[in-house]
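Remember, it's 1-based here, ligands and their atoms both numbered in the order they're listed. Because the structure is a prediction, the values reported are computed rather than measured. The basis for the numbers below is simple: all heavy atoms, side chains too, and nothing from hydrogens, waters or symmetry mates.
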Amino acid sequence: MFDDVAPRYDLVNDVLSLGQDRRWRKIVVDAVGAEPGQTVLDLAAGTGTSSEPYADAGIRVVACDFSLGMLEVGKRRRPDIDFVAGDATALPFADDTFDAVTISFGLRNVSDPHQALREMLRVTKPGGRVVVCEFSHPTFAPFRTVYTEYLMRALPAVAERISSNPDSYVYLAESIRAWPTQDRLAGWLSEAGWEDVKYRNLSAGIVAVHRGFKPGAAGTAAERAERASEYLRRRASRRPH
Ligand SMILES: C[S@@+](CC[C@H](N)C(=O)[O-])C[C@H]1O[C@@H](n2cnc3c(N)ncnc32)[C@H](O)[C@@H]1O
């Protein structure tokens with residue numbers, strides 16, 4: 001399915017999300033908080049749109065996906081990024097390889113998301129971070145009703161006109177509806193072994209960004225969380241306003 005949508009994937013995303021996807025991606029990069037010298041795994045990277053900001057910031061990023069169609073489009077667009085073919089449920093990387101592992105709009109599509117979360121933990125260095133960006137569920141009930149209408153009716157109708165595989169957007173709508181709530185996904189991360197799991201709702205809960213840490217770095221969980229907050233504060237103060 002992803003091989004088929006690859007040629008127009010990025011255009012359709014921009015249209016269907018009404019341009020919101022660019023803002024969501026920026027927030028994910030801030031949550032990953034990688035610095036030059038670190039290596040980030042962007043899993044289910046598709047055409048590499050979610051990997052680009054790291055490469056642009058001089059951070060080594062490995063873009064991994066199992067759709068060769070998506071990888072081909074990505075490699076043509078960004079020959080400077082390392083694209084690797086691999087399955088999220090059996091990653092082709094050694095233990096403790098990456099400083100951070102992230103997955104955007106990918107985990108929902110993986111056949112066994114629990115196994116993927118365990119694999120992501122395995123390849124992350126002790127003390128390293130995971131950031132999961134995924135469609136979620138609006139928290140305000142009246143808005144949730146309007147949004148569900150958009151998902152089930154408008155989105156497939158728009159995709160019919162602009163996508164190379166409109167049926168896949170019916171799948172998109174259905175898979176978003178069936179995806180666990182923010183709290184349930186946080187529970188999945190903890191069950192997989194991630195610590196200090198927290199999440200943030202974006203666009204009223206249309207998207208949620210979950211973050212956690214791999215146990216094992218020096219210090220207590222509270223100390224690690226404090227170090228992570230301190231790091232993000234420093235980054236924020238460096239950013240131009
Ligand atoms: C919606 S795209 C997301 C692409 C990109 N991360 C982004 O934000 O635009 C989902 C991707 O998940 C990939 N995918 C699904 N299951 C996978 C698996 N088991 N292993 C690796 N990639 C997988 C698909 O091939 C597809 O490229």
Side-chain angles (χ1 to χ4, degrees), residues 1-17 19-32 40-56 61-78 81-93 98 100-123 130-136 151 155-156 159 162-176 178-179 192 202-203 206-210:
M1 184 183 78
F2 283 103
D3 285 351
D4 282 352
V5 299
R8 308 193 80 182
Y9 172 79
D10 291 296
L11 165 75
V12 178
N13 270 357
D14 266 352
V15 174
L16 293 181
S17 75
Q20 287 294 300
D21 57 330
R22 288 159 196 257
R23 193 175 71 86
W24 298 335
R25 290 184 191 287
K26 202 175 163 310
I27 290 167
V28 172
V29 172
D30 284 348
V32 169
V40 174
L41 171 64
D42 183 28
L43 188 54
T47 59
T49 310
S50 46
S51 323
E52 280 177 298
Y54 305 100
D56 292 343
V61 61
V62 175
C64 177
D65 200 285
F66 75 173
S67 158
L68 296 184
M70 295 290 262
L71 293 174
E72 270 165 25
V73 173
K75 195 69 198 171
R76 223 174 302 133
R77 276 192 329 120
R78 288 296 300 247
I81 294 180
D82 241 349
F83 284 91
V84 173
D87 184 344
T89 61
L91 287 172
F93 306 109
F98 298 98
V101 177
T102 180
I103 183 165
S104 289
F105 309 109
L107 193 60
R108 180 179 32 85
N109 299 298
V110 175
S111 55
D112 184 347
H114 301 278
Q115 171 63 10
L117 289 171
R118 287 191 292 270
E119 273 294 88
M120 291 161 79
L121 184 79
R122 180 183 66 75
V123 302
V130 66
V131 175
V132 177
C133 171
E134 193 46 89
F135 288 112
S136 200
L151 267 187
L155 183 142
I162 56 175
S163 170
S164 42
N165 181 351
D167 285 349
S168 62
Y169 289 86
V170 174
Y171 157 78
L172 171 68
E174 286 171 357
S175 68
I176 293 173
W179 189 242
L202 309 182
S203 302
I206 288 178
V207 165
V209 175
H210 286 68

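- Scanning both residues, A45 and S51, for their nearest heavy atoms gives CB-OG, 3.6 Å.
- Remark: ligand 1 atoms within the under-4.0 Å shell around heavy atoms of M70 are 27 (O).
- Interface of G46 with ligand 1, defined as ligand atoms under 4.0 Å from a residue heavy atom, comprises 4 (C), 27 (O).
- In terms of protein heavy-atom proximity, atom 15 (C) of ligand 1 is closest to F66 CE2, 3.5 Å.
- The A45 neighbourhood of ligand 1 comprises atoms 4 (C), 5 (C), 6 (N), with distances under 4.0 Å to a heavy atom of that residue.
- Under 3.5 Å, the side chains of T102 and D42 contain no donor-acceptor pair of N or O atoms.
- At distances below 3.5 Å, not a single donor-acceptor pair connects side-chain atoms of S203 with backbone N or O atoms of I206.
- Close approach to S50 involves these atoms of ligand 1, each under 4.0 Å from a residue heavy atom: 5 (C), 6 (N), 7 (C), 8 (O).
- Scanning all protein heavy atoms for the shortest distance to atom 20 (N) of ligand 1 gives A88 N, 2.8 Å.
- The CG atom of L117 sits 10.0 Å away from the NE2 atom of H210 when rounded to the nearest 0.5 Å.
- When only non-hydrogen protein atoms are considered, atom 25 (O) of ligand 1 lies nearest to D65 OD1, 2.6 Å.
- If you take CG on D21 and CG on L202, they are separated by 12.0 Å, rounding to the nearest 0.5 Å.
- When hydrogens are left out, the protein atom nearest atom 12 (O) of ligand 1 is A44 CB, 3.3 Å; that is the closest non-hydrogen contact.
- No side-chain heavy atom of V207 sits under 4.5 Å from any side-chain heavy atom of I27.
- Closest protein heavy atom to atom 9 (O) of ligand 1: Y9 OH, 2.8 Å.
- Looking at D87 and T89, their side chains do bring a donor and an acceptor atom within 3.5 Å of each other.
- Less than 4.0 angstrom separates some heavy atom of G86 from each of these atoms of ligand 1: 20 (N), 21 (C).
- Not one N or O of T49 is nearer than 3.5 Å to an N or O of ligand 1, by distance alone.
- Closest approach of L172 and R108 over heavy atoms only: CD1-NH1, 3.6 Å.
- Scanning all protein heavy atoms for the shortest distance to atom 24 (C) of ligand 1 gives F2 CD1, 3.3 Å.
- Looking at A116 against ligand 1, nothing comes within 4.0 Å, counting heavy atoms.
- Nearest protein heavy-atom neighbour of atom 10 (C) of ligand 1: F105 O, 3.3 Å.
- Between R25 and ligand 1, at least one N/O pair is under 3.5 Å apart.
- Residue R22 qualifies as open at atom CZ: its count of foreign heavy atoms under 6.0 Å is 12 or below.
- Of all the atoms in ligand 1, the ones that sit under 4.0 Å from a non-hydrogen atom of S67 are 25 (O).
- Residue contacts with ligand 1 do not include S111, since none of its heavy atoms lies under 4.0 Å from the ligand.
- Within ligand 1, counting atoms from 1 as listed, the ones closer than 4.0 Å to a heavy atom of D87 are 18 (C), 19 (N), 20 (N).
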Using side-chain contact (heavy atoms from CB on, under 4.5 Å), reason through R25 and E52 one step at a time and then give a plain yes or no.
CA-CA 10 Å; R25 290 184 191 287; E52 280 177 298; over 6 Å; no
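- Closest heavy-atom contact between A192 and L121: O-CD2, 3.3 Å.
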